[in-house]
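Data first, discussion second: the structure below is written as structure tokens.
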Protein chains: 2
Amino acid sequence: MDRLPTLRQLQHFIALSEHLHFGRAASAIHVTQSTLSASLKELEAILGAPLVDRTKRSVVLTPIGHEIAGRARLLLAEAEDLTQAAKAVRAPLSGAIRLGVIPTVAPFVLPYVLPQLRRRYPSLLLFLVEDLTERLVTSLRDGALDAALIALPFDTPGLETATLFNDPFVLAARADHPLMAGKTPSDEAVQAERLLLLRDGHCMRDHALSACGVHAPRHDDAFEATSLMTLVQMVDNGLGVTLLPQMAVARGLLKGTNLATRPLSGDAPAREIALVWRKGTLRRAEFELLGREFKALAKIK
Amino acid sequence: MDRLPTLRQLQHFIALSEHLHFGRAASAIHVTQSTLSASLKELEAILGAPLVDRTKRSVVLTPIGHEIAGRARLLLAEAEDLTQAAKAVRAPLSGAIRLGVIPTVAPFVLPYVLPQLRRRYPSLLLFLVEDLTERLVTSLRDGALDAALIALPFDTPGLETATLFNDPFVLAARADHPLMAGKTPSDEAVQAERLLLLRDGHCMRDHALSACGVHAPRHDDAFEATSLMTLVQMVDNGLGVTLLPQMAVARGLLKGTNLATRPLSGDAPAREIALVWRKGTLRRAEFELLGREFKALAKIK
DNA sequence: TCTAACTGATCGGATACATCGATGGACCGC
DNA sequence: GCGGTCCATCGATGTATCCGATCAGTTAGA
């Protein structure tokens, strides 16, 4: 066959595709603009197709350039995967891992796990990204992340999952709320209340809904919180009741409020906290180890 | 992060992993042994792990080396995919395509399609590999092939398929065979005969069996042919009857024999000839075009 | 229209790197 | 122990990469 592009050339192109500006892209990857320009020219020669359109004052990716950029990113991620996997043979969890975590998990797990993890694996470089499941999964797939801590059930084709533990939902309301008295309230009783939830996009919203058997709730922006903290505040202000992950409660989410909690009816509806990664990665053994560490360290005592 | 291996280093390592001999691997990829040695040493330094064990007189891959080799092959294939996809933008079907074809299709399609294809796309480089479906699919997945011409149904996760046409099965027996007289024989009548088949591993065997409703046939090595040609000879020698793809008959498989054919009962049981490729390849558009060309050129007039 | 600012392309020189041929050193079979 | 095979190493050489400086084209404002 014929000449292949260099990984370095692909890195250069990716930088350019992200900055759409030779100078800035160049300095971002610590080369000069002239180097980047030459490198890109060479890459275009090898590929035999124009990747960027510099006719105007601004740099624009051509359609094929856009495709190539996406694929190049994946290619580089796989190369990175390769090297990290090789390094992990000598000393697992000693390289860089880019980890995504969802917002309804991060504050209740990371502060308890990371310090110990750091102590145990001093050379582990954990890059953290907090975002919604949907975007974490996308990032995983196109190689921008190595692993993610998310809540299941969630449709994750192409990913492997390792369950860490179950996180049951509990009903939370003001301590003086009628639902807090008497025997465990039924799903119907809960649904009769104004149920406050996180805004759409948070997987916990869907998990909470299915936990109490609701599927198409009334939609009202005014009563949708953007974080568990604000959700709790809203309930504390008497705007309604809500469902919370037990883990959050155990880790002090309700401190300073008048909220009380009680179990839900049925067989302890819960979400499943899991570590996920790209199927087929060479670093699988390392991620499984990371999962076991999280499982051991995140345990609620 | 830190330094990535070079694609060239990976190529060198792959060559070594295939030859398990520095000298031969080096000459196979047209470099000197010293170059290969240095290149591999550098690669091991970058990856921080030994890839081959040269303690004994022979070169052996370490476990991690084995893993890395497999992944490196895939990485290289994707890089190749990238460049070919880029080139295809200017002129589709003008680069190299490594195409696998199953033995029960190759002789009846390729001679009719390739000459015209060559005429229409003079710069297309079609590397052909004839093998059983199972191995073609494996080669596709780990990047040793770009596309394959196979028969469905076949379980092909991770692959995309484009159906070219249906290829019905017909009953074939000596012209003086009782089954050849009277009305269309039932499945039961066929099953009562000695049904000769291709040996296990050929997908056509399974397709033929399901075509006449048999699922667990009597197994007898003596009556299993290794190619359609020998199968036909066995039937011509009066050893039994068989099922043949109509395409093969139309292309003269029975020439010079005393065999006759007739349709099977039921709604024309058939296999499906399809072009398949790795899901997510950048060259999808090109392979779809190749599929359309095959479809048009392979038509039986 | 002219100018100043900014963009990416290009050039020449320095440096790093891959590659080569030759040689060294370990290991084996005879 | 001797010749043969194998991989590692060394020094030389050519090539690719990168940098700083400069050029050329575009834009916005004076």
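A, B, ... follow the sequence lines: proteins, then strands. Residue 1 opens every chain.
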**Request:** Nearest whole angstrom, please: distance from the C1' of D:dC6 to the NE2 of B:H19.
**Result:** 16 Å
**Message:** How many whole angstroms separate atom CG of B:L40 from atom P of D:dC6?
**Reply:** 17 Å
**Asked** Can you find a side chain N or O atom of A:H21 that sits less than 4.0 Å from OP1 or OP2 on C:dC6?
**Response** no
**Message:** Quick check for you: among C:dT10, C:dG8, D:dC18, whose closest atom lies nearest to any side-chain atom of A:F22?
**Reply:** C:dG8
**Request:** Examine distances only and state if a side-chain atom of A:E286 and a backbone atom of A:L93 form a donor-acceptor pair shorter than 3.5 Å.
**Result:** yes
**Asked** Taking A:R141 for the side chain and A:P157 for the main chain, is one N or O donor matched with an acceptor at less than 3.5 Å?
**Response** yes
**Item:** Nearest-0.5 Å distance, CG of residue B:D81 to CZ of residue B:R283
**Value:** 6.0 Å
**Message:** So, taking the atom named CD1 in A:I97 and the one named CG in A:L128, what distance separates them when rounded to the nearest 0.5 Å?
**Reply:** 10.5 Å
Check nucleotides 20-22 of chain C for protein N or O atoms closer than 3.5 Å to its own N or O atoms and list the pairs.
{"unit_1": "C:dC20", "atom_1": "OP2", "unit_2": "B:T32", "atom_2": "N", "d": "2.7"}
{"unit_1": "C:dC20", "atom_1": "OP2", "unit_2": "B:T32", "atom_2": "OG1", "d": "3.1"}
{"unit_1": "C:dC20", "atom_1": "OP2", "unit_2": "B:T35", "atom_2": "OG1", "d": "2.7"}
{"unit_1": "C:dG21", "atom_1": "O6", "unit_2": "B:S34", "atom_2": "OG", "d": "3.0"}

**Request:** Check the distance between D:dA16's P and A:I46's CD1 and give it to me in whole angstrom.
**Result:** 10 Å
**Request:** Would you mind reading off the distance between B:H12 atom NE2 and D:dA8 atom C1', rounded to a whole angstrom?
**Result:** 17 Å
**Message:** Distance check needed: D:dC6 P versus B:R24 CZ, whole Å only.
**Reply:** 6 Å
**Item:** Atom pair distance, as rounded to whole Å: CG in A:L51 and P in C:dG8
**Value:** 15 Å
**Request:** Find the distance B:L20:CG to D:dT5:C1' and express it as a whole number of Å.
**Result:** 17 Å
**B:S37 side-chain N/O to D:dC7 phosphate OP1/OP2 under 4.0 Å** = no
**Request:** With sequence neighbours left out, write down each residue that passes side chain to side chain contact (heavy atoms under 4.5 Å, CB included) with B:S34, or none if nothing qualifies.
**Result:** B:T32
**Message:** When you measure from the side-chain N and O atoms of B:R54 to the phosphate of D:dA8, is any distance below 4.0 Å, counting only OP1 and OP2?
**Reply:** yes
**Separation of atom CG in B:L4 from atom C1' in D:dT17, rounded to whole Å** = 17 Å
**Prompt:** For D:dT9, does either OP1 or OP2 sit under 4.0 Å from a side-chain N or O belonging to B:K41?
**Reply:** yes
**Asked** Considering only heavy atoms from C-beta outward, does the side chain of A:L43 approach that of A:H12 to under 4.5 Å?
**Response** no
**Message:** Counting only side-chain nitrogens and oxygens, does B:R8 get under 4.0 Å of the OP1 or OP2 atom of C:dT19?
**Reply:** yes
**Request:** Kindly check if the number of other-residue, nucleotide or ligand heavy atoms within 6.0 Å of CD (A:E134) is above 12?
**Result:** no
